[in-house]
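Just below is one structure, and these are the notes that go with it.
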Amino acid sequence: MGDISAPDTDVINCSTPHNDKITTLHYPFTLSALPNNHNFPRNDKTTTQFSSHNSSLFWITRGLSLHFLPLPPLFLISDFLHNGRLAREILHLGPPSGKDVVDDFSGRRRMPEFDTPPWNLESGRHCVVSIRLVLVLYDPCHLSVILYDVLSNSMRFYKELMLALDFPGGKVMFVPEMNFLPGSTSERINCYRVLDDNGQTFSKSKFQELSKEDAVKMYTDMVTLQVMDTIFYEAQRQGRISFYLTSIGEEAINVASAAALTIDDIVFPQYREPGVLLWRGFTLQEFANQCFGNKLDYGKGRQMPIHYGSNRLNYYTVTQIPHAVGAAYSLKMDGKKACTITYFGDGGTSEGDFHAALNFAAVMEVPVIFFCRNNGWAISTPTTEQFRSDGAVVRGQAYGIHSIRIDGNDALAVYSAVHAAREMAIRESRPILIEALTYRVGHHSTSDDSTKYRSTDEIEHWRTARDPVSKFRKWVEGNGWWSDVAEEEHRNNTRKELLRAIQMAERTQKPSLSELFTDVYDQVPRNLQEQERTLREIIKKNSNDYPSDVPV
Amino acid sequence: MAMALRALGRRISHSDRFFSSLSEAAKPPSDGKLINLFTAINQALHIALDTDPRSYVFGEDVRFGGVFRCTTGLTDKFGRDRVFNTPLCEQGIIGFAIGLAAMGNRAIAEIQFADYIYPAFDQIVNEAAKFRYRSGNEFNCGGLTVRSPYGAVGHGGHYHSQSPESFFCHVPGLKVVIPRSPRQAKGLLLSCIRDPNPVIFFEPKLLYRLSVEEVPEDDYMLPLSEAEVIRQGSDITLIGWGAQLSILEQACDAAAKEGISCELIDLKTLIPWDKETVESSVRKTGKLLISHEAPVTGGFGAEISASIVERCFLRLEAPIARVCGLDTPFPLVYEQFYLPTMNKILDAIKATVKY
């Protein structure tokens with residue numbers, strides 16, 4: 001859309017002072033009271049004189065009036081009240097002061113969103129002025145137009161003269177009585193959904209089309225994730241790994257959001273998004289290696305299970321929301337056609353860095369997708385104890401971010417929303433907030449027993465009736481792309497492969513002791529070298545006290 | 001290879017930094033103009049932005065030049081995309097900086113006063129310091145440098161005078177660097193910016209205008225993790241950093257009048273700190289005095305003291321003295337009573353020498 005700091009080309013070549021200062025001009029009228037959106041300089045979106053009124057009304061009045069003579073003085077008055085461009089040219093005056101678009105004197109400008117007629121180009125303003133001039137001189141119908149303009153603009157003129165105030169940040173209309181904005185709207189923000197409970201699309205559903213290949217890959221990855229979660233959970237219960245955290249109920253969020261991105265989009269996950277890695281090609285062996293913390297783990301055995309990371313797949317080791325914003329700024333500065341995405345739960349939106357990140361993303365204008373997995377629970381804390389706002393989606397708007405609420409158990413909705421968000425984010429270099437409503441079917445982790453704070457009926461309902469995997473399966477099968485045979489085969493193969501991977505991972509050695517001291521800094525500093533020496537001496541004397549599976 | 005990777009548009013997991021902090025750097029050339037501390041820092045930032053097109057300077061009020069003028073002229077020269085204001089949120093500043101650094105850029109973030117660094121404490125300690133370690137070196141944010149004015153200024157009170165360096169000295173993965181003068185500041189800051197680890201650079205705000213020195217105009221770097229003996233002596237070793245060194249120097253001069261020869265060491269990098277230089281000095285003198293503005297309990301002087309006792313116990317001829325701030329919040333009208341002033345240090349020197 002163009003660089004917002006590029007100077008505007010004024011229609012009639014008035015020299016537009018393009019800077020942060022307000023220019024006040026000496027006018028017969030009180031200039032500061034001129035209608036807001038008829039002042040320039042402008043941003044990429046321009047308004048024309050016609051935007052101030054309903055354009056169909058304009059044509060109607062024009063068409064109906066047939067008997068009036070053109071009256072140049074009336075035209076001049078009308079023109080004056082719009083922005084006086086022509087009149088100013090004639091009278092050798094400069095442009096009026098404009099404050100609607102310049103905020104905080106920074107020169108960075110924000111245009112309010114409003115409808116513009118088709119001719120809202122820079123050159124369109126030339127057209128507009130020329131048309132009016134022609135109409136005045138040749139078209140007897142013009143007087144009605146002028147009268148209409150005069151009237152409507154007088155109303156606005158009066159309104160803004162009487163009721164608008166200049167402040168840093170722009171003009172505001174003031175009101176004589178107090179009106180508190182309600183803390184919440186009477187109706188919750190609507191939720192975008194494509195598939196019904198039977199896996200059929202609604203008649204009016206609009207969604208991003210999926211190829212058979214992608215749909216089948218999405219489905220099989222969702223199944224793989226389910227199988228992986230079940231088996232790793234069992235492995236933890238058997239004491240083979242120390243910890244695990246499932247994504248049951250959120251398979252659609254995991255896989256469909258990943259499917260809508262490209263490999264160049266950078267992922268800053270929380271911890272319930274291994275499906276994103278799965279989609280990108282992380283193997284079951286690699287997952288197992290990290291869970292067992294063996295020497296093939298990219299994390300070198302330093303972190304608890306499920307803290308996956310892969311530089312090759314652009315998936316940062318479990319990290320935090322503001323990092324995605326800085327990384328998105330880097331992408332923008334490097335001119336990459338990519339965005340970043342960061343995931344977090346409903347609980348995560350209460351943390352300070354969520355608010356910091358959204359605010360920074362909006363101000364810095366970076367291509368980042370904030371994906372909130374609102375699954376109803378932050379360990380044992382339900383959303384009623386987490387916030388009083390209408391979920392996370394309204395918070396995006398508070399920071400000036402386009403936001404959407406979607407059904408997180410609907411793979412097509414997730415896919416479409418992330419696809420659209422990505423396009424918007426990259427094309428307009430802006431952040432997008434997606435709140436996916438879903439349910440955390442599993443416990444928070446293997447250290448949690450959620451039946452202590454919620455009913456098993458509730459869990460069962462979401463596990464069965466609202467399962468995203470079976471819902472998507474119905475849609476995929478409905479297209480003739482999947483079958484029961486394929487299902488059984490895939491589940492069996494995945495299970496076998498996973499059990500093999502776990503066995504391999506279990507047998508693989510742990511990383512050697514020296515990896516305890518590396519990567520604290522880029523090189524091992526002297527104090528750590530000394531500590532390593534001391535530690536090795538102690539181990540030599542007391543080798544029985546130390547785990548035998550870490551090679552010294 | 002690093003350049004090729006960058007050309008492919010991928011993040012660089014192993015840093016492409018020019019050198020590691022432990023390598024030797026040339027001594028700075030001795031010629032130069034007389035400038036003060038904030039000008040020296042300004043020069044360093046100019047050079048950093050000039051030499052690496054993927055470096056950024058940002059923070060609160062950075063764009064117009066900063067509340068201490070350290071960033072004047074940068075926006076005009078390098079543009080608003082590279083030198084910019086951030087919203088008023090330290091947590092966001094450092095979180096944003098970490099993300100930027102993780103993508104292979106040099107992120108030079110400013111925290112307006114060290115007193116305000118605490119909202120960013122989680123980001124610094126849990127994220128920046130552990131970024132490389134926790135990912136098994138798949139990722140790192142070595143390009144991160146946090147600059148912040150610290151220390152007493154005469155009238156700063158609780159929230160414009162703090163010295164929080166010891167909090168960060170307790171965090172493996174970070175480096176903490178404190179310059180004593182303009183020439184040191186420029187060289188050390190350039191080293192910090194180019195060091196492939198997250199570094200916190202505390203600038204003694206009292207010295208921004210007060211300290212004037214000849215500083216070479218060109219690009220030079222001073223090594224990190226190397227302490228400097230700035231005055232040779234034989235009777236007692238004095239250690240300090242930042243603005244406190246000038247107080248220690250005055251104490252040295254006063255002690256010399258009484259026949260005590262003091263060896264003065266500028267620690268420069270607090271972690272990882274140069275134990276060898278300090279140890280060899282204490283082996284020479286047998287006595288040690290540490291002085292810092294931060295409160296004495298849990299201050300970095302405690303770490304130095306404990307380490308030197310471990311290494312030099314039998315050589316020490318007197319208890320290690322610490323002349324530091326009191327264990328109170330930094331007061332306003334009582335500032336001169338609170339601070340480790342020259343007379344307190346001189347008394348401690350004499351007591352230690354005569355032990």
Side-chain angles (χ1 to χ4, degrees), chain A residues 5 106-108 264 266 268 297-303 307 309-312 314-336 338 340 352-353 355-357 359-364 366 368 511 515 518-523 525-528 530, chain B residues 9-11 13-15 17 20-22 54 56 63 80-82 84-87 89-105 107 119 122-123 126-127 129-142 172-173 175 195-197 225 271-276:
Chain A
S5 58
S106 70
R108 224 175 242 173
D264 295 323
I266 323 247
F268 289 81
D297 167 26
Y298 302 128
K300 300 181 189 167
R302 292 160 181 162
Q303 288 216 78
H307 290 69
S310 168
N311 190 356
R312 180 177 65 91
N314 277 338
Y315 184 100
Y316 272 76
T317 312
V318 171
T319 182
Q320 303 232 312
I321 308 171
H323 306 165
V325 180
Y329 191 81
S330 175
L331 289 175
K332 174 170 130 172
M333 286 297 114
D334 291 342
K336 299 274 190 298
T340 63
D353 64 349
H355 302 273
N359 194 32
F360 269 67
V363 169
M364 305 298 174
V366 292
V368 54
E515 300 288 14
T518 54
D519 301 331
V520 180
Y521 298 93
D522 67 313
Q523 295 183 6
R526 284 181 294 230
N527 60 324
L528 282 183
E530 196 184 307
Chain B
R10 300 298 297 265
R11 284 168 343 290
S13 63
H14 294 275
S15 71
R17 309 289 172 239
S20 161
S21 59
L22 299 178
R54 289 180 89 221
Y56 300 86
R63 189 156 59 81
R80 268 208 202 130
D81 292 336
R82 294 183 62 199
F84 49 91
N85 290 340
T86 60
C89 177
E90 286 75 17
Q91 183 177 45
I93 293 172
I94 303 301
F96 177 89
I98 291 172
L100 202 52
M103 298 285 284
N105 302 289
D122 174 58
Q123 286 294 326
N126 271 338
E127 305 299 314
K130 300 175 173 54
F131 214 86
R132 189 193 293 272
Y133 193 77
R134 74 184 182 193
S135 68
N137 206 16
E138 288 276 296
F139 307 100
N140 75 77
C141 61
K175 296 196 178 184
D195 188 272
N197 297 287
S225 293
I271 51 160
W273 66 284
D274 183 359
K275 292 183 189 165
E276 280 72 26

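Every value quoted in this text rests on a predicted model; they were computed, and no experiment measured them. These values consider heavy atoms only, across backbone and side chains, with no hydrogens, waters or symmetry-generated copies. Just so it is clear: chains get the letters A, B, ... in the order the sequence lines come, proteins before strands, and each one is counted from 1.
For the pair B:D81 and A:K332, the salt-bridge criterion is not met [side-chain N within less than 4.0 Å of a carboxylate O].
Top candidate by heavy-atom pairs under 4.5 Å with chain A, chosen from B:D122, B:N126, B:I93, B:N85, is B:I93. Heavy-atom pairs under 4.5 Å with chain A were tallied for B:W273, B:F131, B:Y133, B:Y56; the largest tally goes to B:Y133. If you tally non-hydrogen atom pairs under 4.5 Å between each of A:G352, A:A357, A:A338 and chain B, the highest count goes to A:G352. Among A:A324, A:A356, A:P322, A:P511, the residue with the largest count of heavy-atom pairs under 4.5 Å with chain B is A:P322. The candidate with the highest count of non-hydrogen atom pairs below 4.5 Å against chain A, out of B:K275, B:E127, B:R82, is B:E127. Interface check for chain B: of the options A:F268, A:Y329, A:Y298, the most heavy-atom pairs under 4.5 Å are formed by A:Y329.
For a residue to count as touching a neighbouring chain, one of its non-hydrogen atoms must lie under 4.5 Å from one of that chain's; by this rule A:Q320 touches chain B with backbone and side chain alike. With a threshold of 4.5 angstrom between heavy atoms, A:D353 approaches chain B through its backbone and through its side chain. Proximity to chain A (any heavy atom under 4.5 Å) is shown, for B:E90, by neither the backbone nor the side chain. In this structure, the portions of A:T319 lying under 4.5 Å from any heavy atom of chain B include both its backbone and its side chain.
Taking CD of A:E515 as the reference point, atom CG of B:N137 lies at 9.5 Å (rounded to 0.5 Å). To the nearest 0.5 Å, atom CG of residue B:L100 and atom CG of residue A:L331 are 10.0 Å apart.
Summarising the geometry of A:D519 relative to B:G136, their closest heavy-atom pair is OD2-C, 3.7 Å, with the distance given to 0.1 Å.
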Exercise. Might you work through the side-chain contact (heavy atoms from CB on, under 4.5 Å) test for A:R312 and B:E138, ending with a clear yes or no?
Key: CA-CA 9 Å; A:R312 180 177 65 91; B:E138 288 276 296; 5.8 Å; no
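B:I271 has its side chain within reach of A:Y521: a pair of non-hydrogen atoms, C-beta onward, lies under 4.5 Å apart. Using a 4.5 Å cut-off on side-chain heavy atoms (C-beta onward), B:P196 and A:Q523 make no contact. Residues A:I266 and B:M103 are in side-chain contact: their nearest non-hydrogen atoms beyond the backbone lie under 4.5 Å apart.
Put simply, the side chain of A:R526 never gets that close to the backbone of B:E276: no donor and acceptor are under 3.5 Å apart.
With sequence neighbours excluded, no residue forms a side-chain hydrogen bond (donor to acceptor under 3.5 Å, both in side chains) with A:H307.
Between B:F139 and A:Y316, the ring planes are parallel. Angles under 30° get that label, and only those over 60° would be called perpendicular.
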